[in-house]
Each structure stands twice: as structure tokens, then as C-alpha cells.
Protein chains: 2
Amino acid sequence: MIEKLSPLDIRTLQERVYQQLRDALYQGRFAAGETVTIRNIAAALGTSAMPVREALQRLVAEKALVQLPSRSVTVAPFALEAFTELTRIRMSIEGMATDRAAKYGPASLADTLDAINAEMQMAIASGFTEDVLEANKRFHFAIYEAADMPQLLEIISNLWLRTGPYLGMAYRKGSSVPFSMGITIHSRIIAAIRMRDGRKASQGLALDIWAMARWFKNHHLANGASDPQPAVLSSLE
Amino acid sequence: MIEKLSPLDIRTLQERVYQQLRDALYQGRFAAGETVTIRNIAAALGTSAMPVREALQRLVAEKALVQLPSRSVTVAPFALEAFTELTRIRMSIEGMATDRAAKYGPASLADTLDAINAEMQMAIASGFTEDVLEANKRFHFAIYEAADMPQLLEIISNLWLRTGPYLGMAYRKGSSVPFSMGITIHSRIIAAIRMRDGRKASQGLALDIWAMARWFKNHHLANGASDPQPAVLSSLE
DNA sequence: ATCGTTGATGTGTGATCACAGATAACTCTG
DNA sequence: CAGAGTTATCTGTGATCACACATCAACGAT
């Protein structure tokens, strides 16, 4: 009986609108600063305004979108200070998750990460940046899930939703993301996890986040004509 | 001209509903597990269902309320594991904020904190627990604001919204919260901040959070008949 | 006695509408 | 030719309604 039928999508319309918008945002498919209107999206999705407006409000509540004083909703324009602060927060919070994953995670974690890192290296070699980004995300979240702290995981997901668009945006403009350095750092993290050295793993992860942020800043500000960042970790500490 | 008129409240209805619910939740005025319906609240507030349902969805998005599979919204019932995890997260995140406040905050911070701590001691002496809780909150947030990280501040506010109800609930049941110990810990934090010792300040703050959580667990579980927690910090580390 | 059915009631969801605020182009006045 | 006022248009907000789903109690069949 069961195998003759396929499960249905019982999510509410609002939920589906939300997830579609969330994905689009995460992949940077909306331009920063772009304003997003209820009726436009409703028309694009073929729904009424109702589910769209609730999805938008939810995204605003999660800080994935911002609401102007005029009450219209826009994609947050890039702001250096906000980005720097987010990076600092991520280094701390994701570092904490990594510490716990290293100390108390399953013994199989290091092997899982090795496999993902190998896939990432292959993706780099073949040049599919989209796949590289995806593998990088999988690498990080494999660690965070191993920390076995569901609420922390959600906080981290939210932070990625806020930072993600910038990276996607940057590589969409055709820049070669320096992921090869990432591979090396990842290996160091794996080694630390294998030795259950939470401190080293956490520091490695923070370095990974920091290096990516520094690259992004230099790349982004090059187009915006501003000072490149010094290659010293302390500037973010 | 200007001084003849007083400014109006231009917030949307939804916003006002949201803030009223948020306050009520934070003060523990809703029982854990209680289900909250749109029409009831709308009737109580004298509005239509529309702004209420949007406020509720916002609170769900912020994890201040939970949505059951039946799609009705309830106040999250107390769950020990969730509380323990939240405490751990708070120790880390609020510790980070404290570290920065100590290192880079204004020189006046220590004096401000001393004043608040004195007020708190007075409130303890006079027995107004509500005032004690309020002073305690002011103490903590004076530190977090000094860290000058607006996004981090919002994350912390959200964490307090999730943890706050339990403390309010407990003291509402007539328990004497052991705040006198808090005063001592606070003094240690102030001393560390005065010396710009971020590490010590952050450890002191984590201890403050941890001690409060431990008291709550013992108190709460005493009613629920379970094992009291050992008085060792490592159990949470 | 147990399980399934039926109904009543209460609930969230989504569509639709009326309306006020915002914005920008335009017009009129000085 | 400014600058204040006007207008047209687009936007979010809030009210209201129809509907489907959830829940639970009373009832009936087995």
C-alpha cells in the first residue's frame, strides 16, 4: 500500500514561499539594496499577497531582510562594519561549536570531514565554484551538527544566511575564491579534531572564517576603492 | 510650535501587539505549555486577528514561542536539555561580549556597573524581587552595550527572551533567588573590567550565568523530583 | 467493552478589499 | 526659474470572510 503512494507536500503556502525566498537570498540572487515588494513576489509565485507578506516578515524577524522606516522591505546593502562584526561573532560562536564537536563528537567525524574535504578539492580542480561553495558549507555544518546542540545550530544557520549572500555575490562576479588555502586550513582542523584537541580545532575554524572574510573584504573593497586589509589576524580579534 | 504638541505613537498595530506579548512572555506571565490563540489575544487587545497573527509568527520566528504540528502556537514547556544548552550558549556568547567590553569599552563602564550593583544590593535588602531582577538585567546589558556590537546585542537579547521566563516563573512561585552571591560575582567582574582583563571578566560573567542556572535547576527539579546538580562548574563546560 | 463514526466547535490559513502613507513627477505660483 | 503644492501611482496595513483541518465528546456498531 505505502509504496504505491508518494508523500505529499503538506507545508503551508507561507512556508514554501519562505523557503524559496530564503534559498534565493542565500545564493545571493537578490541584489544588495534591492527593494522587494509583496505584490511583485506574489505575482511571480502565483499566490495571493497573504503568504508572501508573512514570509517577508519572518525573514525580517530573522534579519535576512531589513525593513526601512517607510516600511518597505529591502535586501540589506553591504556595510563593512556589520560584516566585520558578523565575522567576529561567527568566529566565536562557530568556534565554540567546533570545540564541542572535537571534544564530544562521534569518532567517525574526522573521517567524514576528510571525505568532504576531498570532494571539495575535486570541485576546485574541476572549477565548479558552486560545488565548492556547497562542499565548504557541508564541511562546516558536519562539524556543527556533531556538536549536538540544536539551538546553537539554528543560530549558526541564521548567521550563514546573513553572511552567505556576500560570498555568493562575489564569486558570481567571476572572482576566483581562494579555496585552495581553505583546503589546508580544513586539514588542520581535521587533525585537531582527530586528536580531540578542541582548542586547536576551534582556532583553526576561526582562522578559516577569518581568512575568507579577509579575502572578501579585499576583493570587495578593491571594486569600491578603499584600503585593503592587513594580513594580521589581530585586526579582527 | 513644536513644544505645543506631543509626539504620537506611529508604530504599527502589529508592532505594538508584538511588544506587549514580548514583555508578557519575558516576565513569565504566560504559563509554560499554555497555548495561545489568535482570536483570544485579538479579543483581549481589541484588535482584529491580523496584527496578532503576524506578531505571533514573529515571536515564533524568534523562538520565543513554538508552533506545534497542529499549527497552533504555544509557550515552550520547560525542557531541561534545552535549558542546559541555552545556558552553555549564553556563557559563551555573553562571555565574548564581556571580553570585548572589558578590553575596549569606555573607561566609565566600571563605575556605571558599581552604581547598578549598589542599587541591586539595596533592592535585595528591601526585598523587592522584581527590582532585583530588573537591576540584574541592567547590570548585564550595561556590559553588553559597552561591547559596541549591535548585532551581538540583539542575539543576546533574544537569548534572554528565551531564558528569562523561567527565572521569572521561579521567583513568582515565591522562591528567594540567591542574588547575594550574584553581588559578589558582579564585584569580581567589575574588578576585572577595571583592570581591562577581558579573560577574567568573561570568566566571571560565565560563572554568574552558570550559578543562576544551577540554582534554577535545583529549585525547579526539587518540585519535579529529580537529582540536584553537583556544585561543580565542569558539569557545564 | 472497544473501536470507529459523526458532529460540533474552535483553530489557523489564505483571498480579497478598503484605506492611508510614501514617492516622485508635475504644475502652478512667486 | 526655484519652491511649494498637487496629483497619480504604488506600497504596506488591517479588517473581514470562506474554508479546511484539528480536537474532542457523544453515539453507535461490532
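Values reported hereafter were calculated over all heavy atoms of this structure, with side chains retained and with hydrogens, waters and symmetry mates removed. Note on naming: letters A, B, ... go to the chains in the order of the sequence lines (proteins, then strands), and numbering restarts at 1 for each one.
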Shortest non-hydrogen contact from B:D208 toward B:G182: OD1-CA, 4.1 Å
The ring pair (Phe, Tyr, Trp, His ring centres under 6.0 Å) partners of B:F83 (sequence neighbours excluded) come to B:F78, B:Y166, B:F216
What donor-acceptor contacts under 3.5 angstrom involve side-chain atoms of residues 143-151 of chain A, with partners at least two apart or in another chain?
from	atom 1	to	atom 2	distance (Å)
A:Y144	OH	A:E94	OE1	2.5
A:Y144	OH	A:H140	ND1	2.9
A:Q151	OE1	B:R162	NH1	3.1
A:Q151	NE2	B:A82	O	2.9

For A:T12, enumerate each residue passing the side-chain hydrogen bond (donor to acceptor under 3.5 Å, both in side chains) test, keeping only those at least two apart in sequence or located in another chain. none
Please collect all side-chain hydrogen bond (donor to acceptor under 3.5 Å, both in side chains) contacts where either partner lies in residues 34-44 of chain B, sequence neighbours excluded, each pair once. B:T37-B:N40
Given D:dT13, is OP1 or OP2 found less than 4.0 Å from the side-chain N or O atoms of A:Q67? yes
Between atom CD1 in A:I41 and atom P in D:dC10, what is the gap in whole Å? 17 Å
Short side-chain donor-acceptor distance under 3.5 Å, B:T84 and B:K217: yes
On the six-membered ring of A:W160, is A:R90 placed so that its NZ or CZ lies under 6.0 angstrom from the centre and within 45° of the ring axis? yes
Neighbours of DNA chain C within residues 11-25 of chain A, by heavy-atom distance under 4.0 Å: A:T12, A:L13, A:Q14
State which residues pass side chain to side chain contact (heavy atoms under 4.5 Å, CB included) with A:A49; sequence neighbours excluded, sorted by chain then number. A:I38
Quick one: what's the B/S/- string for nucleotides 18-24 of chain D, heavy-atom cutoff under 4.0 Å, read 5' to 3'? ----SS-
So which of residues 44-66 of chain B are in contact with DNA chain D, with a heavy-atom cut-off of under 4.0 Å? B:S48, B:M50, B:P51
Taking 4.0 angstrom as the limit, do B:E54 and B:R58 come out as a salt bridge? no
For A:L25 and A:P165, which heavy atoms make the closest approach, and how far apart are they? O-CG, 3.3 Å
By side chain to side chain contact (heavy atoms under 4.5 Å, CB included), which residues pair with A:D131, not counting sequence neighbours? A:A123, A:F128
Which pairs count as ring-ring contact (aromatic ring centres under 6.0 Å, His included) when at least one residue sits in residues 23-44 of chain A, sequence neighbours excluded? none
Range on DNA chain C touched by chain B, heavy atoms, distance below 4.0 Å: C:dT11 to C:dG14
Under the ring-ring contact (aromatic ring centres under 6.0 Å, His included) rule, what pairs show up with a residue in residues 46-70 of chain B, not counting sequence neighbours? none
